[in-house]
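Nothing fancy with the numbering, it's 1 onward along the sequence. In listed order, ligands and their atoms are each counted from 1. Not measured: the values here are computed from a predicted model.
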Amino acid sequence: MATVLVFIDNPGDQLAKANQELLTLAAAAGEPAVALNGPLHDSVEATMAEYGVHHIYRPAVEELDDYLVAPKAAYLAAAAGQAQPAAVLLDNTFEGKEIAGRLGIKLGSGVVTDVTAVSGSGSGLTATKSVLAGGYTVESTVSTGIPVLTVKPNTVAPSPAGAATEPEKTVIEVDAASQPAARITGVEERPASGRPALADAGIIVSGGRGTNGDFGPIEALADELGAAVGASRAATDAGWIEHSAQVGQTGQTVSPQLYVSAGISGAIQQKAGMQTAKVIVAVNKDEDSPVFEIADFGVVGDLFEVLPQATEEIRKRRS
Ligand SMILES: Cc1cc2nc3c(=O)[nH]c(=O)nc-3n(C[C@H](O)[C@H](O)[C@H](O)COP(=O)(O)OP(=O)(O)OC[C@H]3O[C@@H](n4cnc5c(N)ncnc54)[C@H](O)[C@@H]3O)c2cc1C
């Protein structure tokens, strides 16, 4: 069976859901193998085995994290040289997409980013994505080289393979310092919000200009749902919430199971980042707001009245 190589970067001691999803897709398309960067904890190796990973590649050096992406792309290209995969899957973070682009050049391969569904097997994978600010959904196959796909979170439900494997391990030589790369001189951790990361959250509650700067009701509903908090550009530009929360063409593209849009008009640049959400709930005072064109459920009303009621009702039903 053809190998499908998944790049997993610094998983820590628990394999993130987004990575489990990539392994699920790899197992559906072939035999999953992993090119890992960072320490391999026993717990992570056990999870990889549950997902049917038959081979784990690791870099011979630990310095890949000292640089921006170039050495990681060089390592992944070397791992692909060993694994001879039919396809390579990466996460859809900014870094994942940049590594994919560089890998595509190194392998002479076609790259598809922002993938929301994968079908087929081996090198004949079909990738689905939405294009032109979300106006169209296209299916594409890579016709040159090994397909390199970056896949959005929540594309598939994580599903371990039938029987656990015993992954073989191979160390890959890579000369990190010889790559034309920028060295990282300092890293500052952001204080944890306690909420899930926007990029791979299953539920997102987003607020826009309609909040008038008060994200209290957005955050209260998000916390009741265990959701991430997102925002329109109007809200981030106003400084009401940090830029990393921006969803849209020039922010993050997200594909959660549920996206609650409150006080957001639904401009095409906002839609571009969220319209592949499985279920969209919109709350807006204006019944003609464009967000209702893509909403599965719409509430015409004031978010300051609607969201607290929804939060309270969810709280009641849970207790
Ligand atoms: C190149 C470019 C890139 C861009 N990238 C992005 C991007 O990545 N993401 C993004 O979001 N935008 C982006 N924009 C901006 C985009 O065009 C819109 O200006 C922006 O999305 C509007 O934000 P908004 O919906 O919050 O505000 P508005 O368009 O002002 O809408 C506010 C909405 O809130 C409703 N409202 C008001 N009060 C209430 C209330 N109390 N209760 C309920 N509803 C209420 C109003 O009816 C209205 O529909 C980009 C623009 C350009 C030109």
Can you give me every donor-acceptor pair (side chain of residues 110-120, partner residue at least two apart or in another chain, under 3.5 Å) with its distance?
from, atom 1, to, atom 2, distance (Å)
Asp114, OD1, Asn92, ND2, 2.9
Asp114, OD1, Lys97, NZ, 2.9
Thr116, OG1, Thr128, O, 3.2

Using atom types as modelled, flag every donor-acceptor pair under 3.5 Å from a side chain in residues 70-86 to any protein atom, sequence neighbours excluded.
from, atom 1, to, atom 2, distance (Å)
Lys72, NZ, Asp9, OD2, 2.8
Lys72, NZ, Glu95, OE2, 2.7
Tyr75, OH, Leu36, N, 3.1
Tyr75, OH, Leu36, O, 2.7
Tyr75, OH, Tyr57, O, 2.8
Gln84, NE2, Gly81, O, 2.8

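Remark: Arg317 engages Glu313 in a salt bridge, criterion side-chain N to carboxylate O under 4.0 Å.
Sorted by chain and number, the heavy-atom contacts of ligand 1 below 4.0 Å come from Gly208, Arg209, Gly210, Ser232, Arg233, Ala234, Gln246, Val247, Gly248, Gln249, Thr250, Gly251, Gly263, Ile264, Ser265, Ala267, Gln269, Gln270, Asn284, Lys285, Asp286, Ser289, Gly301, Asp302, Leu303, Phe304.
Residues meeting the side chain to side chain donor-acceptor pair (under 3.5 Å) test with Thr211, sequence neighbours left out: none.
Put simply, Val260 and Val229 are part of the same group of oily side chains (I, L, V, M, F, W, Y) that touch within less than 4.5 Å, one to the next.
Here the side chains of Lys129 and Thr137 are not in contact, with every heavy-atom distance at 4.5 Å or above.
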